[in-house]
Asker: 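My questions all concern the structure below.
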2 protein chains.
Amino acid sequence: MKLEILTKTENLNVQKHIIAGIRDLINLKNLEPGDKLPSERMLSEKLEVSRGNIRDAIQKLEFYGLLKSIPQSGTFVANIGVIAMNGMIDDILRLEEPEFKSLVETRILLELKTVRLAALRRTDEDLDEMKAALDAFSKKVLNKEDAVQEDLLFHLAIAKASGNSSMNTFMLIITPEIITNFEKYHVCDKDLAQKGIKEHEAIFKAIKNKDPQLAKKKMKEHFKELYKYCYNV
Amino acid sequence: MKLEILTKTENLNVQKHIIAGIRDLINLKNLEPGDKLPSERMLSEKLEVSRGNIRDAIQKLEFYGLLKSIPQSGTFVANIGVIAMNGMIDDILRLEEPEFKSLVETRILLELKTVRLAALRRTDEDLDEMKAALDAFSKKVLNKEDAVQEDLLFHLAIAKASGNSSMNTFMLIITPEIITNFEKYHVCDKDLAQKGIKEHEAIFKAIKNKDPQLAKKKMKEHFKELYKYCYNV
DNA sequence: CAGTAGATATTGGTTAACCAATTATTAAGT
DNA sequence: ACTTAATAATTGGTTAACCAATATCTACTG
């Protein structure tokens, strides 16, 4: 018999099997917040997978705040009751890779907020970093070079200036895929980029002047062009 | 000499050291999208950390879409240019744990959108699940039991019905911390929960009737109470 | 000289042994 | 009988050896 390497999809299925197993076990044993899960070795034996797989699954549930590992002690149910635990795990198991449209939708939502917050909260240092990103973008466009990266970095600078760490994180999560798709579908062509400079400058100015309303308005106009491209491609 | 175990913070610093090292290396060698990174073993030697630490750091950069590992072949720079790579890595290195206020801010933003989308896109199956969550919440409140979990599960059901996978994911990420803090600060006391039933029902009804405007309005009213509690505590 | 087949080295991934901290159990002492 | 000290077992975390797929080099053939 030939031993085949597991594909990424198969690995994901193994992980889902484990996560479902942990959920069932929590229910079976009526584990409550603070209770200890069986050891990784026991879990790997019961679920018939390697300890490494178990550790990966636990890490994922830790990421979602459902479990908490403590060295040389054990893995514990986080401060979340059994009802929420079940509901959330089911949601996690059902999660699918987001489509490009979802990403754009989310990005627009986030940015219309971060730009407002940035106008309210930006420090002088934030302003400097945004200016640098803005200049880098303009320079590339004027040289007729591709500037998708510089574009996104300007937007990330706004996210940082918003002072909201979780929005900043979420922007970072969706940005790479956005860049890849933009480049693939040539969303930002040269003509559009020319307009982009003016629009970026308008956004920057509004943030500099601490005018949240105007900042949001300018961002909306900026996205208007993107919208057209995204939903026509 | 006594060997001490590394705390979680120290481990995080090691990871940041590695990520910065990888960034410097990409710059030094002018690696472009598709180029291969040095092997994990070389990196671990050069940065003087274990291969496991290297793998963790690479995994993190893979999560943010900056690197891509291929078995038995190597780790490659994703389809993102050196400028964006530098900017994003710097952002990642600077990321801090979000404060509770940031989480609430983000949650409100997300939910005012997901509720609109849910009203537009909900399937009958979505409706059933939301109804189940709604009933579970009502039942608990009427029994004068704590219902923070059921509350959040209703909101997660809305996120699912929005049909936007990334917003759904983001809601899942912030939910546990929200639950923990709500319970800690007793944000949702019994009287508020009584009101909550009516508010949830109004939201549900609006989604059922596919009325996005009304759904958003009702969600806003629902959050009005929360807002007061969050910023007074 | 080009091209190909085979051997060798390198790669990310996996596994099992190991580690020190913790926890549970036992034994001893008062 | 209770407390405490010592020991054994268990725990998550870490490390190094191992694996098979891949990439690279070598030697041979036409």
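What you see is a predicted model, and the numbers here were worked out from it, not measured in a lab. Chain A is the first sequence line, chain B the second, and so forth, proteins listed ahead of strands; every chain is numbered from 1.
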Asker: When you compare the protein's N or O atoms with those of nucleotides 8-11 of chain D, which come within less than 3.5 Å of each other, and at what distance?
Answerer:
| residue | atom | partner | partner atom | Å |
| --- | --- | --- | --- | --- |
| D:dT11 | OP2 | A:Ser39 | OG | 3.4 |

Asker: Looking only at the side chain of A:Ser69 (C-beta and beyond, no hydrogens), which of the listed nucleotides D:dT14, C:dG13, D:dG12 gets closest?
Answerer: D:dG12
Asker: Let me know which of B:Leu47, B:Ile22, B:Leu12 forms a side chain to side chain contact (heavy atoms under 4.5 Å, CB included) with B:His17.
Answerer: B:Leu47
Asker: Using heavy-atom distances to pick each residue's nearest nucleotide on DNA chain C, tell me which of A:Phe76 and A:Gly52 is more 5'.
Answerer: A:Gly52
Asker: Given atom CD of A:Glu45 and atom P of C:dA16, what is their separation to the nearest angstrom?
Answerer: 13 Å
Asker: B:Asp56 CG to D:dT15 P: how many Å, rounded?
Answerer: 11 Å
Asker: Side chains of A:Asp135 and A:Ser138 only: does a donor on one sit below 3.5 Å from an acceptor on the other?
Answerer: no
Asker: Expressed as a whole number of angstroms, how long is the span from A:Leu61:CG to D:dG12:C1'?
Answerer: 16 Å
Asker: Rounded to whole Å, how long is the line connecting atom CG of B:Asn53 with atom P of D:dT14?
Answerer: 7 Å
Asker: Assess whether a salt bridge exists between A:Arg94 and B:Glu125, defined as any Lys/Arg side-chain N lying under 4.0 Å from an Asp/Glu carboxylate O.
Answerer: no
Asker: Under a 3.5 Å threshold, yes or no: a donor from one side chain and an acceptor from the other, between A:Asn168 and B:Asp91?
Answerer: no
Asker: Any idea how B:His155 and B:Phe223 line up, ring-wise: parallel (<30°), tilted (30 to 60°), or perpendicular (>60°)?
Answerer: parallel
Asker: Does the ring centre of A:Phe137 sit less than 6.0 Å away from the ring centre of A:Phe154?
Answerer: no
Asker: How long is the line joining CD1 of A:Ile54 and C1' of C:dT15, in whole Å?
Answerer: 15 Å
Asker: If I take atom CZ in residue B:Arg55 and atom C1' in nucleotide D:dA17, what distance separates them, rounded to the nearest angstrom?
Answerer: 15 Å
Asker: Would you indicate, yes or no, if C:dT15 has its OP1 or OP2 atom less than 4.0 angstrom from a side-chain nitrogen or oxygen of A:Ser50?
Answerer: yes
Asker: Find the distance A:Arg51:CZ to D:dG12:C1' and express it as a whole number of Å.
Answerer: 7 Å
